[in-house]
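In each ligand, atom 1 is the first atom listed, and ligand 1 is the first ligand listed.
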Amino acid sequence: MEAPDWWRDTVVYQIYPVSFKDTTGNGKGDLNGITSKLPYLKDLGVEVVWLSPVYASPMVDMGYDISNYREIYPDFGSMADWERMVEEAHRIGLKVVMDLVVNHTSDQHEWFQDAKNGGPKKDWYIWRRKNKEGKEPNNWGAIFGGSCWEWNDKLQEYYLHVFDVSQPDLNWENPVVREAVWDVMRFWLDKGCDGFRMDVINCISKTPGFPDAPVTDPQNPYQYGLIHRFNGPKVADHLLEMHEKVLRYYPNAFTVGEAPGVKSAEQALPLVKNGVPLQMLFHFEHMYIDHQPGKTCFNYKPWKLTELKDVLGKFMEFNQANGGWDSLYLENHDQPRIVSRWANDGLYRDVSSKMLAIFHATGRGTLFLYQGQEIGMANPTSWDFDELRDLEEIQYYEAVEAKNGDIQDALKQIQRIGRDNSRTPMQWNADVNAGFTSGTPWIKVNQDYKAWNVEAQSTSSGMSVLKFWKLVLRNRKEHPGLIRGKFEMVDYENENVYAYTRTDAIGQYLIVCL
Ligand code: GLC
């Protein structure tokens with residue numbers, strides 16, 4: 001029998017399907033590619049795989065813009081391929097978690113097609129008239145640039161999109177919308193999906209009255225940021241309803257909510273206390289320490305180790321005292337490679353990746369590995385404009401260009417922090433395109449693949465990063481104190497060493513990272 005809180009001890013592996021393994025030669029990864037690699041994941045020591053979205057989508061935001069929640073994106077395969085993948089995963093003891101993207105849909109979704117023509121689903125989205133000056137209802141800037149509001153001539157109203165103009169926000173105030181979301185969840189859970197990673201789930205409630213955001217950039221009519229767009233007063237109510245209506249009928253389902261702008265464990269607690277309504281959140285506070293506050297990720301700020309301790313140490317200590325639980329992640333499809341970002345991807349790439357593995361796997365929380373992290377994948381050393389695929393990077397570059405800004409610097413910032421860095425194809429072997437595809441990859445392959453790939457690291461005689469990760473994961477399993485033991489920081493003020501202890505009835509572990 002599975003423990004009711006099995007999800008605390010587990011190891012999740014995030015797959016970015018389009019870049020994982022292509023079996024058709026179309027240059028994009030697919031579901032059959034994932035199925036073919038399940039034994040590799042089992043052998044690595046992970047227990048849950050989370051797939052970034054595989055639903056029907058125009059792919060403006062790489063699948064985070066869904067046009068049909070019950071269909072598979074045809075380039076990834078068919079529903080039968082999905083069923084086979086899940087069956088095979090379950091057969092070898094892996095669980096499959098899907099991405100639930102329900103703050104917004106694609107503008108191609110039939111719900112929005114109906115809404116924008118004034119049909120019965122109009123109130124499924126968020127509409128406002130012009131303000132007194134004949135402009136947008138407020139100064140909110142969209143995450144990917146421009147205003148959060150898009151004018152619809154036919155309806156003489158704007159619709160709200162916190163992300164891209166092609167991603168209209170659903171109106172969670174409308175109970176019929178919530179029922180439609182619960183139906184989507186039941187559909188996948190009943191088909192055998194083992195839970196959800198919930199995309200920007202704290203965006204489903206906005207500040208009532210939609211007040212203007214604070215002005216941080218007076219040159220710009222639209223203010224960048226999350227304030228008033230995220231963390232509205234109904235987030236917890238909506239999620240409790242989700243628990244009541246859906247999740248409690250699937251007590252083994254895994255749940256993690258992505259929650260940018262949740263600043264402290266105290267703020268997170270109502271959403272995760274003792275695993276209800278969600279088991280854990282992805283906060284972003286450690287990912288923000290190298291950004292200037294209130295600005296986009298492309299605005300670098302130097303940071304100190306004590307700032308990182310302040311974030312992660314405090315989250316873990318608070319959660320342990322108050323019935324909360326952390327998610328441990330250093331990479332995902334929105335963040336650059338951690339060895340390039342926080343450590344050294346040159347001479348010390350091997351040893352830095354191993355140090356980060358220890359740091360990552362001995363924190364208090366559920367462990368999330370991102371594809372390629374287990375072999376120490378790094379950011380490509382440069383990007384040309386033509387090579388970029390991510391709309392956030394492209395819109396940033398074009399905004400710099402439009403202002404006659406320094407486009408070389410823009411490319412440098414993209415190389416440092418842009419999302420395409422972690423979206424390059426998985427490096428399986430030293431064959432053409434790193435063994436990812438026999439066709440033309442949809443995004444460039446990192447040219448270091450001949451030396452840094454799964455096959456080389458599996459067969460090398462020494463202790464490769466891959467072998468090290470396997471060892472770390474095995475150790476974590478064999479020493480539950482590393483997961484559930486008491487967490488205490490050591491030498492908090494030290495700017496060169498990150499140290500802590502984990503203690504349980506069996507003993508004490510001292511972890512020292514430098
Ligand atoms: C989340 C996803 C990201 C996407 C955004 C909008 O942050 O992780 O990739 O662009 O939501 O859906």
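Only side-chain heavy atoms of Phe144 come within less than 4.0 Å of ligand 1; its backbone N, CA, C and O stay farther off. Under 4.0 Å from ligand 1, not a single heavy atom of Glu392 appears. Using a 4.0 Å cut-off between heavy atoms, Glu258 contacts ligand 1 through its side chain alone, with no backbone atom that close. Here Phe163 has side-chain heavy atoms under 4.0 Å from ligand 1, and that is the only part of it that gets that close.
Here the straight-line distance linking atom CD of Glu173 with atom NZ of Lys206 works out to 9.5 Å at 0.5 Å rounding. In this structure, CG in Asp334 is found 8.5 Å from OH in Tyr370, a value given to the nearest 0.5 Å. Expressed to the nearest 0.5 Å, how far CZ of Phe368 lies from CG of Asp326 amounts to 10.5 Å.
Protein heavy atom in closest approach to atom 10 (O) of ligand 1: Asp61 OD2, 2.5 Å. Among protein heavy atoms, atom 11 (O) of ligand 1 sits closest to Asp199 OD1, 3.0 Å. The protein heavy atom nearest to atom 8 (O) of ligand 1 is Asp334 OD2, 2.5 Å.
Using a non-hydrogen distance threshold of 4.0 Å, Gln335 does not register as a contact of ligand 1. Under the 4.0 angstrom criterion for non-hydrogen atoms, Met62 is not in contact with ligand 1. Put simply, part of Arg419 is less than 4.0 Å from ligand 1, judged by heavy atoms.
The His104 neighbourhood of ligand 1 comprises atoms 6 (C), 12 (O), with distances under 4.0 Å to a heavy atom of that residue.
Between Tyr125 and Tyr159, a ring centre-to-centre spacing not shorter than 6.0 Å is recorded.
Geometrically, Arg128 does not engage Trp149 in a cation-pi contact defined by less than 6.0 Å to the ring centre and at most 45° from the axis. Figure legend: Lys191 and Phe187 shown as a cation-pi pair, the cationic atom lying under 6.0 angstrom from the six-membered ring centre and within 45 degrees of its axis. In this structure, Lys37 forms a cation-pi arrangement with Trp428, its terminal cationic atom sitting closer than 6.0 Å to the ring centre and no more than 45° off the ring axis.
Using modelled atom types, one side-chain atom of Ser340 and one backbone atom of Asn379 make a donor-acceptor pair closer than 3.5 Å.
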